Protein chains: 2
Amino acid sequence: MAILPNMNEVNARPHREYIAEQAKIFKALGHPSRLLMVQALRDGEKCVCDLQTLIGADMSTVSRHLAVLREAGVVRSEKRGTNIYYALALSCLDTFLHCTGTLIAERIREKASLLGGGERAS
Amino acid sequence: MAILPNMNEVNARPHREYIAEQAKIFKALGHPSRLLMVQALRDGEKCVCDLQTLIGADMSTVSRHLAVLREAGVVRSEKRGTNIYYALALSCLDTFLHCTGTLIAERIREKASLLGGGERAS
DNA sequence: GCAAAGCATGGCTATTTTGCCAAATATGAA
DNA sequence: TTCATATTTGGCAAAATAGCCATGCTTTGC
């Protein structure tokens, strides 16, 4: 009855909780501001004020975004003095970000060459 | 001016298009039904009707979810005969799913042992 | 104690997402 | 052609999300 990552043992109705938790991670990463913050955190922990500067939104907005990431388990927070520092809590994320990043860079390059190279999209 | 996955060259304002595309991928994966379909596609391509059986929602709903995944570049579709077959288009996804899967399995186990083992949550 | 700085939360509105039904489209069979 | 099957799309209502302002909470400094 072990819960395996590839869910080999599950057929039509896999563990709902499992899927929901996993979807929560993706959903948390699925917003430009949150993804931007996560990308920034790859360089190391940052306080909320740093991330606010990065995003350029209201402090309350940034705080809510961070709450989403925290509740999904993507980041963790630690209070030191009057600041709260956020850090990545998902080690494998780095590899995946690199991978999707490469892919997207390719796509953007393709799109650019299609626009500039006189070729037609099918 | 190359667009690098880790965006070393970017400071306060990285390429918006890049971030938006990447967020789109995560957003697409951030819904239980869509994630469930993607998990199923790890075993190989499936037609929409297969996926409808899996999800148990209206065909139109399933079709819309697939459109989201397709537009994000997570899956690709191919028409053969009267069916349309969907397949994964993001090779690195498998590794990441395995990784987050392991993590979530741990979390669920922890939660279960906290509930059953008489320990208090802090 | 009081004020200020750093974050989080309540409350509100605008926007987006979801999911269903109905209708349109495309393909293969008769 | 006509019908049946497989899938997408239009349209709508309910639900969720995003972002702002104002307020509350906690820590530091005075």
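Labels below follow one simple rule: chain letters A, B, ... track the order of the sequence lines, proteins then strands, and each chain is numbered from 1. Only this structure's heavy atoms are used, side chains among them; waters, hydrogens and symmetry mates stay out. Since this is a predicted model, take the numbers as computed values, not measurements.
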TODO: Just jot down the side-chain contact (heavy atoms from CB on, under 4.5 Å) partners of A/Ser63, sequence neighbours excluded, or say none.
DONE: none

Task: Nearest-Å distance for atom pair CD/P, residues B/Gln52 and C/dC20 - done: 10 Å

Open item on the list: Counting C-beta onward and ignoring hydrogens, is there a side-chain heavy-atom pair between A/Thr102 and A/His98 closer than 4.5 Å?
Closed with: yes

Open item on the list: For B/Arg76, is there any backbone N or O sitting under 3.5 Å from a side-chain donor or acceptor partner on B/Arg70?
Closed with: no

- [ ] Quick one: pull up CG in B/Leu88 and CG in B/Leu93 and give me the separation to the nearest 0.5 Å.
- [x] 6.0 Å

Open item on the list: In this structure, how many angstroms lie between the P atom of D/dA6 and the CE atom of B/Met59, rounded?
Closed with: 7 Å

Task: Salt-bridge contact B/Glu45-B/Arg80 (side-chain N to carboxylate O under 4.0 Å) - done: yes

Can you give me the N/O atom pairs linking the protein to nucleotides 22-30 of chain C at distances under 3.5 Å, or say none if there are none?
residue: C/dA26; atom: O3'; partner: B/Lys79; partner atom: NZ; Å: 3.2

Task: B/Leu51 CG - D/dT8 C1' separation (whole Å) - done: 15 Å

Open item on the list: Could you measure the distance from the CE atom of B/Met37 to the NE2 atom of B/His65? Nearest 0.5 Å is fine.
Closed with: 6.0 Å

TODO: Rounded off to whole Å, could you give me the CZ-to-C1' distance for the A/Arg70 and C/dT9 pair?
DONE: 11 Å

- [ ] Would you mind reading off the distance between B/Ile55 atom CD1 and C/dC20 atom C1', rounded to a whole angstrom?
- [x] 16 Å

Task: Rounded distance (Å) that lies between atom C1' of D/dT26 and atom OH of A/Tyr85 - done: 16 Å

Task: Side-chain donor/acceptor of A/Gln52 to backbone N/O of A/Asp58, under 3.5 Å - done: no

- [ ] Write down the distance between CG (A/Asp50) and P (C/dG6), rounded to a whole number of angstrom.
- [x] 11 Å

Task: Spatial distance of atom CD1 (A/Ile25) from atom CZ (B/Phe26) [nearest 0.5 Å] - done: 10.0 Å

Open item on the list: Please compare B/Ala67 and A/Ala57 by the position of their nearest nucleotide in DNA chain D and report the one closer to 5'.
Closed with: B/Ala67

Task: Identified side chain to side chain contact (heavy atoms under 4.5 Å, CB included) partner of B/Val75 from the options B/Leu90, B/Leu41, B/Val68 - done: B/Leu41

Task: Gap between atoms CD1 and C1', on B/Ile84 and D/dT5 respectively (whole Å) - done: 12 Å

Task: Letter per nucleotide, 5' to 3', of nucleotides 12-17 of chain C [B base touched, S only sugar-phosphate touched, - untouched; heavy atoms, 4.0 Å] - done: -----S

- [ ] Indicate whether OP1 or OP2 belonging to D/dT5 is found under 4.0 Å from a side-chain N or O atom of B/Asn83.
- [x] no

Open item on the list: With a 4.0 Å cutoff (strictly under), does any side-chain N or O of B/Tyr86 reach OP1 or OP2 of D/dT8?
Closed with: yes

- [ ] Report yes if a side-chain nitrogen or oxygen of A/His65 is closer than 4.0 Å to either non-bridging phosphate oxygen (OP1 or OP2) of D/dG19; otherwise report no.
- [x] yes

